[in-house]
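Let me begin by presenting the structure, written as structure tokens, before commenting on it.
Order of appearance sets the numbers: ligands from 1, and atoms from 1 within every ligand.
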Amino acid sequence: MSKLNIINVPDPLLKTISTPVARVDSDIRQMLDDMLETMYAAPGIGLAAIQVAVAKRMIVIDTSAEEDEKSPLFLVNPEVVWESEEHSVYSEGCLSVPEYYADIERPASVRVKYLDYNNEMQETLVDGLTATCVQHEIDHLDGVVFIDYLSRLKRNMIVKKVQKAQKDSVVL
Ligand code: NI
């Protein structure tokens with residue numbers, strides 16, 4: 001496994017609409033493993049392939065509590081097939097927007113269809129933090145970052161701060 005480089009806003013790649021994966025084969029599994037390692041190292045609870053500059057529809061998620069055993073989810077070609085009318089609000093962050101958080105409202109639970117690590121079609125109902133995380137990551141596959149839900153003024157301010165922090169930092 002190897003750790004991958006995560007890209008940040010305003011990298012135009014983050015606006016890419018990712019393409020479906022034809023089949024979950026050993027190359028795709030390798031990529032999923034690398035994405036998971038990268039996400040755990042960051043650390044984060046979700047990562048979409050486009051955040052490591054790969055425009056394929058795949059995401060990895062692990063919303064288990066820190067003290068619990070790891071329980072990674074691999075979702076390839078994920079698609080929301082049902083969403084609840086009830087909404088919930090979470091303070092969201094993103095590995096591509098370091099250090100910024102904002103309250104985002106989304107359906108509280110969703111049913112999602114996807115190909116799993118073994119290329120099997122799955123459909124599962126998720127709620128709570130996992131539902132928010134799944135929707136946040138699927139947004140990435142459609143070129144949407146959570147700050148796109150904020151006002152243009154607020155978004156521009158955040159992007160400028162991320163750019164400045166990157167310019168001012170030294171990577172050793
Ligand atoms: Ni994100």
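- Other residues sharing the hydrophobic cluster of I45, ordered by chain and number and joined by side-chain separations under 4.5 Å: Y90, L129.
- More than 12 heavy atoms of other residues, nucleotides or ligands shown are found within 6.0 angstrom of CD on E67.
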Quick one: side chains of residues 92-105, donor-acceptor pairs under 3.5 Å with protein atoms, not counting sequence neighbours, listed by atom name and distance.
{"unit_1": "E92", "atom_1": "OE1", "unit_2": "R106", "atom_2": "NH2", "d": "3.0"}
{"unit_1": "E92", "atom_1": "OE1", "unit_2": "H136", "atom_2": "ND1", "d": "2.8"}
{"unit_1": "E92", "atom_1": "OE2", "unit_2": "R106", "atom_2": "NE", "d": "2.7"}
{"unit_1": "S96", "atom_1": "OG", "unit_2": "I7", "atom_2": "O", "d": "2.7"}
{"unit_1": "S96", "atom_1": "OG", "unit_2": "Q51", "atom_2": "NE2", "d": "2.9"}
{"unit_1": "E105", "atom_1": "OE2", "unit_2": "H87", "atom_2": "ND1", "d": "3.2"}

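- Between V54 and L4 there is no side-chain heavy-atom pair separated by less than 4.5 Å.
- Excluding water, every protein N/O/S atom under 2.8 Å from the Ni ion (ligand 1) is given here by residue and atom: C94 SG, H136 NE2, H140 NE2.
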Donor-acceptor contacts, no H, no angles, side chain residues 73-82, under 3.5 Å, sequence neighbours left out:
{"unit_1": "N77", "atom_1": "OD1", "unit_2": "V21", "atom_2": "N", "d": "2.8"}
{"unit_1": "N77", "atom_1": "ND2", "unit_2": "V21", "atom_2": "O", "d": "2.9"}

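- Q135 and D139 form no side-chain donor-acceptor contact under 3.5 Å, judged by distance and modelled atom types alone.
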